[in-house]
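For reference, the structure is listed below as structure tokens.
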Amino acid sequence: MNRIQMLLAQIDCIDHMLGSKIEKERNSMNDAFLTKLVTTHQKVSLAEKQYHVKNTCSPFSSDFH
């Protein structure tokens with residue numbers, strides 16, 4: 001029985017390690033996704049601001065010749 005208990009302990013240890021690895025990988029993927037989402041949102045917001053600023057210019061501004 002000692003051998004079986006040792007094998008079961010090893011399986012439990014491996015199961016715990018795999019669970020930790022999966023959780024770490026999931027967190028890493030979530031962080032990467034959220035970072036890209038925030039970056040994209042910032043780019044879209046900046047583009048919208050520039051678009052609105054461009055549209056509110058007077059026809060007599062320096063951009064219009």
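The residues of the chain are indexed from 1 along the displayed sequence. The structure presented is a predicted model; accordingly, all values stated were derived computationally and were not measured.
Interatomic distance, CG of L7 versus CG of D12, reported as 11.0 Å (0.5 Å rounding). Rounded to the nearest 0.5 Å, atoms CG (D15) and OG (S20) are 9.5 Å apart. The line from CG of N27 to CD1 of I22 is 12.0 Å long, rounded to the nearest 0.5 Å. Summarising the geometry, atom CZ belonging to R26 is positioned 7.0 Å from atom CD belonging to E23; distances are rounded to the nearest 0.5 Å. Remark: N30 CG to E25 CD distance equals 10.5 Å, nearest 0.5 Å.
Screening H41, Q42, K36 for a side-chain contact (heavy atoms from CB on, under 4.5 Å) involving V38 leaves a single residue, Q42.
Heavy atoms from other residues, nucleotides or ligands lying under 6.0 Å from CE of M29 number 12 at most.
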